[in-house]
Amino acid sequence: MKTFAKIKHIWLLIALLITAVTVAACNPDNFKSSAAQVPQVVTSILSDPKTFNFPLNSESPNVFGLIYEGLITENYDTGGIDPALAESWEISDDKLKIVFTLRDGLKWSDGQPLTVDDVVFTYNDIYFNKDIPTDVRDVMRIGESGKLPTVRKVDNRRVEFTVPEPFAPFLRSATGYPILPAHTLRESITTKDSEGKPKFLQKWGVDTPPEQIVVNGLYKLERYDTSERVVFRRNPYYWRKGPKGEAQPYIERIVWQIVESTDTALLQFRSTGLDTIAVSPDYFSLLKVQEKQGNFKIYNGGPAAGTTFILFNLNKGRRDGKPLINPVKSRWFNTLEFRQAVAYAIDRQTMINNTYRGLGQTQNSPISVQSPYYLSPKEGLKVYDYNLEKAKQLLLKAGFKYNAQNQLLDSDGNRVRFTLLTNAGNKIREAIGSQVKQDLSKIGIQVDFTPLAWNTYTDKLSNTLDWEASMLGLTGGLEPNDGANVWNPEGGLHMFNQKPQAGQKPIEGWEVAPWEAKIGQLYIQAARELDEAKRKAIYAETQRITQENLPFIYLVNPYALSAVRDRFEGIRFSALGGAFWNLYEIKIVK
């Protein structure tokens, strides 16, 4: 799902691990045989790309981790930061400036030089451009004023970033975003359409011929067949070289097959149509006994870095004079005891045992367990272990009551019933939703669980805001500030109480709760704190507030499991990066 969230270096992880399959409308065997001599990876995704324009993207999977790079990148072996387009950098003593030196001889996929001018253009003209609605800008805002860094050219190979105050995640969070081509995009920024908006907003949609999309990453787009596949070809101008000076990546082509069924994906992997597949818990036992016979290995990275949760629409606003949410239901959702009761009523251990086949652990925090800023329950984080009696007590305390049929009513006699949405085609999500429906019926709540097609689902969540409750997830990582746009009340991913974004209809009467504002303030405070112990304490407080107030009701943290064919050499599996995070150095040996 929109694993709306960490924007930077998780694209490859999500894109390569989300399961789907070849479509029946074409013959995958014909496609495979026609490319038999080409070193390639065939994997799968659940849905079509939504855009080829990175700043306008907020979905995963997406293509950008394969086709773009930034100045730096993350190393998922060490958790550290590695050079990418920049070969080196220097941080000033006062921590307010970073000067990057670009590699010599960088080129775009069309052969044009990639220069400091492209870096300055990308940040100043696109990411910092208020006329371009992008989640990137939210993550890069600094301090209470929300100021953005300044970016200026020093000379032909050096570029300087300056922040108005110390910003602890500056290097990791702000400088790894894709650098975009000024020579191709500048005109679309300066030229306006009939509504006065930059033509950039219509640039590089999924209907754009792939050869027109200029990139700087390992691969370039070669082909996109709607509802069938996305094909990537090695970028001949990519900068990395192997130990003997040979061009990287070694794998010539990446193929993403597009379907909407994880069951069919499993069949396709077992018949060798796919080279890798995310191993969901219900597939684990079946695949584990077939490892040797099927010439693959199942990698286990421990707890996955992302989150899965249920959230209620807490938005009290109105659009065109009409409440976004039925006022009766809005009162339920905005009652803390109601949200806490729902959390206590969900049997997460049974979810682990049944849906996840024991391959997971309960989840209680928005911050990944791999992060040094994660606060564990042992350290005092509040948890909501299954307790129906406590759930009912909370509801009665809040003024709810039960009728003779044991159905939950509010104080005005309204039956408590709401619709829970998720994306269709994900068996795990659908199984979770079915259990949530059953669990909440035990405290008298009727849940209408409704999986929707991806486009319909994301339109409701992001645009119309016409939803009551939802189940989805966010990707994770080491740096909490990468999720700042989730916790900033005005952030583009503040989905439980969404403020309208650029280009959307206004909302009247939008309110921010005190605890909600406090989390946003703490994220600002943590970002400016350079003392690691103090920074950890601030993020601990944010986790305590989220678990007390439950804007998200966290569910289960499954283990990161992937099956990969034995013919690949150089796999360094990581829960944070998956099997192919180091794709540039992976080889095919069989």
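If you read the sequence from its start, that first residue is 1, and numbering goes on from there.
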Practice problem: Using the side-chain hydrogen bond (donor to acceptor under 3.5 Å, both in side chains) rule, pick out the option among Gln504, Gln498, Lys505 that qualifies with Asn463. | Solution: Gln504
Practice problem: Determine, for Tyr127 and Arg137, whether the Lys NZ or Arg CZ falls below 6.0 Å from the six-membered ring centre while staying within 45 degrees of the axis. | Solution: no
Quiz item: For the atom pair CZ (Arg429) and OG1 (Thr422), what is the distance rounded to the nearest 0.5 Å?
Solution: 5.0 Å
Exercise. Go through the steps for Glu479 and Arg535 under the test salt bridge (charged side-chain N to carboxylate O under 4.0 Å, His left out), then give the verdict.
Key: CA-CA 11 Å; Glu479 174 51 63; Arg535 195 165 185 243; 2.8 Å; yes
Quiz item: Any side-chain heavy-atom pair from Thr456 and Asp459 closer than 4.5 angstrom?
Solution: no
Quiz prompt | Exercise: identify the closest heavy-atom pair between Val215 and Trp108 | solution = O-CE3, 3.3 Å
Quiz item: Hey, mind stepping through Thr184 and Gln212 against side chain to side chain contact (heavy atoms under 4.5 Å, CB included) and telling me if it holds?
Solution: CA-CA 9 Å; Thr184 302; Gln212 294 182 15; over 6 Å; no
Quiz item: Which heavy atom of Val116 sits nearest a heavy atom of Arg157, and at what distance?
Solution: CG2-C, 3.4 Å
Practice problem: First locate atom CE of Met140, then atom CG of Asp135, and finally report the distance between them rounded to the nearest 0.5 Å. | Solution: 13.0 Å
Quiz item: So with a 6.0 Å cut-off around CD of Glu144, is the heavy-atom count from everything else above 12?
Solution: no
Exercise. Carefully, step by step, assess Arg229 and Asp225 under the rule salt bridge (charged side-chain N to carboxylate O under 4.0 Å, His left out).
Key: CA-CA 5 Å; Arg229 63 176 62 87; Asp225 302 322; 3.7 Å; yes
Exercise. Please report the closest heavy-atom contact between Leu461 and Ser470, naming both atoms and the distance.
Key: CD2-OG, 3.7 Å
Practice problem: State the CG-CD distance between Asp207 and Gln202, to the nearest 0.5 angstrom. | Solution: 11.0 Å
Quiz item: Quick one: do Glu59 and Lys50 make a salt bridge, cutoff under 4.0 Å?
Solution: no
Quiz item: So does Lys153 have more than 12 non-hydrogen atoms from other groups sitting under 6.0 Å from NZ?
Solution: yes
Practice problem: Apply the test side chain to side chain contact (heavy atoms under 4.5 Å, CB included) to residues Leu201 and Leu56: give CA-CA distance (whole Å), side-chain angles for both, the deciding distance (0.1 Å), then the verdict. | Solution: CA-CA 8 Å; Leu201 302 184; Leu56 305 184; 3.9 Å; yes
Quiz item: Are any of the side-chain nitrogens in Arg103 or Glu87 under 4.0 Å away from the carboxylate oxygens of its partner?
Solution: no
Quiz item: For the rings on Phe232 and Trp256, is their centre-to-centre separation under 6.0 Å?
Solution: yes
Quiz item: When you look at Asp448 and Phe418, which way does the side chain to side chain contact (heavy atoms under 4.5 Å, CB included) test go after all the steps?
Solution: CA-CA 6 Å; Asp448 300 314; Phe418 61 82; over 6 Å; no
Quiz prompt | Glu211 atom CD: more than 12 heavy-atom contacts under 6.0 Å | solution = yes
Practice problem: Please find out if less than 6.0 Å separates the ring center of Tyr123 from that of Phe161. | Solution: yes
Quiz item: Atom CD1 of Ile432 and atom NZ of Lys427: how far apart are they, to the nearest 0.5 Å?
Solution: 13.0 Å
Exercise. Could you check Tyr237 against Asp110 for side chain to side chain donor-acceptor pair (under 3.5 Å), going step by step and ending with a plain yes or no?
Key: CA-CA 8 Å; Tyr237 296 105; Asp110 61 359; over 6 Å; no
Exercise. Side-chain contact test, heavy atoms from C-beta onward, threshold under 4.5 Å: evaluate it for Arg141 versus Lys147 and give yes or no.
Key: no
Quiz item: Which distance, rounded to the nearest 0.5 Å, do you find between the CG of Asp466 and the CG of Leu324?
Solution: 8.5 Å
Practice problem: Determine, step by step, whether Asp482 and Ser173 satisfy the side chain to side chain donor-acceptor pair (under 3.5 Å) criterion, reporting the C-alpha distance in whole Å, the side-chain angles of both residues, the deciding distance to 0.1 Å, and the verdict. | Solution: CA-CA 6 Å; Asp482 287 337; Ser173 290; 2.8 Å; yes
Quiz item: Between Tyr219 and Tyr238, does the ring centroid distance fall short of 6.0 Å?
Solution: no
Self-check item: Student check: side-chain heavy atoms of Asn57 and Pro55 closer than 4.5 Å
Solution: no
Self-check item: Minimum-distance pair of heavy atoms, taken over all atoms of Trp204 and Pro181
Solution: CH2-CG, 3.8 Å
Quiz prompt | Tyr457 versus Met471, closest heavy-atom pair with distance | solution = OH-O, 2.7 Å
Practice problem: Begin from the C-alpha positions of Arg319 and Glu508 and carry the test salt bridge (charged side-chain N to carboxylate O under 4.0 Å, His left out) through to its verdict. | Solution: CA-CA 6 Å; Arg319 182 171 272 164; Glu508 306 88 36; over 6 Å; no
Exercise. Show the numbers, then the answer: is there a side chain to side chain donor-acceptor pair (under 3.5 Å) between Trp510 and Asn497?
Key: CA-CA 8 Å; Trp510 179 71; Asn497 186 20; 3.1 Å; yes
Quiz item: Do Thr134 and Ile126 have side chains that get closer than 4.5 Å, going by heavy atoms?
Solution: no
Quiz prompt | Centroid-centroid distance, Phe552 to Trp487, less than 6.0 Å | solution = yes
Self-check item: NE2-CG distance between His494 and Asn315, expressed to the nearest 0.5 angstrom
Solution: 9.0 Å
Practice problem: Check the pair Ile254 / Gln40 against side chain to side chain contact (heavy atoms under 4.5 Å, CB included), numbers first and verdict last. | Solution: CA-CA 5 Å; Ile254 307 294; Gln40 66 179 15; over 6 Å; no
Exercise. Step through the shown structure and confirm whether more than 12 heavy atoms of other residues, nucleotides or ligands are within 6.0 Å of CG on Asn156.
Key: no
Quiz prompt | Glu468 to Phe333 - nearest heavy-atom pair and separation | solution = O-CE1, 3.6 Å
Quiz item: Can you find a heavy atom in the side chain of Ile507 that is under 4.5 Å from one in the side chain of Lys499?
Solution: no
Quiz item: What about Phe54 and Tyr68, are their ring centers closer than 6.0 Å?
Solution: no
Quiz item: Less than 4.5 Å apart, any side-chain heavy atom of Lys192 and any of Asp131?
Solution: yes
